[in-house]
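The structure presented is a predicted model; accordingly, all values stated were derived computationally and were not measured. Letters A, B, ... mirror the listed sequences (proteins, then strands); counts begin at 1. Every heavy atom of this structure was used, including side-chain atoms; hydrogens, water molecules and symmetry mates were not.
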Amino acid sequence: MINEPKILLNSTKANLIIRRFALQIIENHKDYQNTAVIGLQPRGVLLAKSIHNELLKLGANVLYGEVDHTFFRDDIGRGGFHIPKPSNVNFSTENKNIIIVDDVLFTGRSVRAAIDAIMSFGRPNCVELMVLVDRRFQRELPIKPDYTGVTIDSRNTNDFVKVEWENNNDVQVWLLEDKK
Amino acid sequence: MNQGELNHLLGIKGLTASQIHTIFDTADNFLNLLQAPVKKTPALRDITIANLFFENSTRTRVSFELAEKRLGADIINFSSSSSSVKKGETLIDTVNNILSMKVDMIVMRHPAPGACMFLAKNVKSQIINAGDGTHEHPTQALLDAFSIKNRLGSLEGKKVVIVGDIKHSRVALSNIYSLQLLGAEVMVCGPATLIPKYINQLGVKVSHNLDEALAWCDVANMLRIQLERQDQRFFPSLNEYTNLYGLNMNRLNKLDKEICIMHPGPINRGVEISSEVADSNQSIILQQVENGVAVRMAVLFLLAQHKL
């Protein structure tokens, strides 16, 4: 049973966060020529594209890629059926400063797998993590975001964070709480 | 997308078009991975695979072995020539002995048609057919169809002729099933002695004239003349076969279109295909080999999830 959905971020707030993310990247990556924003398939890609567009508007021509972590998951053959989405990294990640972008950080396992996937394209100088929503009390691995949009403290694993994109452009984030 | 409970890959017969498309989508991603500097994933790191080859093989065996290693699996290689099979051990005993060493999957090539089906019914392991006698060779058919799709964009409505020894060819049978499932039209071409009597029941066209078949098709898959299976004489001489059914540049130049040339290997150069054709731009023979690793990685990866 699910309670009435609660809005976590409306599109105005979400767009402000996307702009903040772009500005933070410029601030922290002074030599952003060597920086790449990589969206995590499937749901981090739209967010990464929005951030990349914002960066381009601000004159920061950073590299952009998309990575799928399916082949690097730690639960193959343990139930579930995982079909990969395309990875699209048309540059070597060797010595690059990589920012992994995902919508919701939950257990941290996808991010762990994504780091391995990125390593197959070269050895980056550093890897940072940028997430729109951090469910900080649900982590199963020692992974922490470097850039966070909003943090939620829900301890119920059945609670669900829904990220809705309209026309691949405007985003809203909802929290669907389990009644138990 | 169809999510069944596919535990084995025994043949193309029984698969659905949707399952094949899932294999192709996954193989596309593996093909990308194989272009990356690090070509490995640890996806099957806790899986052990035994490659049981009761018949000679170079290409298929190396391709499976590489696919398994790229996926991080542990592997055991076994060939009948250097094993206790020579001492009279039965197939089930051999396999059960190997399985008792905690092996999860078996890739098997065997001279007896149906050997993989027999094994699947009698042992507790996932079985992948790497060729069973004159029955099926599913991964070859998948990589052939995948290679056509990559070259021509799709298989829907494409015309494919399979030329040569259809009677003894597991590649031909598996190809017929997979190509038809994916919407292609299939013709077989060869001397009447090498075309099975009831081939019409499979819904394929039959031709005994290579030039006519080439004029009809978009893709020509030239099969190897299997000298090891020619226990009777099916044609008067190799020379005559080459004259009537060998693909050479003269024949290709007569066409008013470019066709895609395939061969499952190993090639008898100068018999079913001339060197000039095999090495031409129209030939995708080496792409077939490259795609073979990606397609086999996809099959192993999807089967390891016990759902396809």
For the NZ atom on B:Lys39, are there more than 12 heavy atoms of other groups (residues, nucleotides or ligands in this structure) within a distance under 6.0 Å? yes
Part of A:Ser92 within contact of chain B (heavy atom distance under 4.5 Å): neither
Of all heavy-atom pairs linking B:Pro37 and A:Gly122, the shortest is CG-N, 4.4 Å
Between CD1 on residue A:Ile83 and OG1 on residue B:Thr26, distance to nearest 0.5 Å: 6.0 Å
Against chain A, label B:Leu33 side chain, backbone, both or neither, depending on which of its atoms sit under 4.5 Å from a heavy atom there. side chain
Counting only heavy atoms not in A:Arg43 (residues, nucleotides, ligands), do more than 12 fall under 6.0 Å from its CZ? no
A:Phe71 versus B:Thr41, closest heavy-atom pair with distance: O-OG1, 3.1 Å
Atom CG of A:Asn10: over 12 foreign heavy atoms under 6.0 Å: yes
How many angstroms lie between atom CZ of A:Phe72 and atom NZ of B:Lys40, to the nearest 0.5 angstrom? 11.0 Å
Taking CG in B:Asn281 as the centre, count heavy atoms belonging to other residues, nucleotides or ligands within less than 6.0 Å. Is the count above 12? no
Can you see which heavy atom on B:Gln305 is nearest to which on A:His82, and at what distance? OE1-N, 2.6 Å
Taking NZ, NE, NH1 and NH2 as the nitrogens, is one of them in B:Asp46 or A:Arg78 under 4.0 Å from a carboxylate oxygen of the other? yes
Residue from B:Asp25, B:Asn29, B:Asp28 passing side chain to side chain contact (heavy atoms under 4.5 Å, CB included) with A:Pro84: B:Asn29
Which atom of B:Arg45 lies closest to which atom of A:Arg73, heavy atoms considered: NH2-O, 3.6 Å
Check the pair A:Thr70 / B:Phe301 against side chain to side chain contact (heavy atoms under 4.5 Å, CB included), numbers first and verdict last. CA-CA 10 Å; A:Thr70 309; B:Phe301 177 78; 3.8 Å; yes
To the nearest 0.5 Å, how far apart are CD1 in B:Ile47 and CD1 in A:Ile76? 9.5 Å
For B:Gln35, does the CD atom have more than 12 heavy-atom neighbours from other residues, nucleotides or ligands under 6.0 Å away? yes
Let me know if A:Asp68 has heavy atoms under 4.5 Å from chain B in its side chain, its backbone, both or neither. neither
Counting neighbours of CZ on A:Arg20 that are heavy atoms of other residues, nucleotides or ligands and sit closer than 6.0 Å, is the number greater than 12? yes
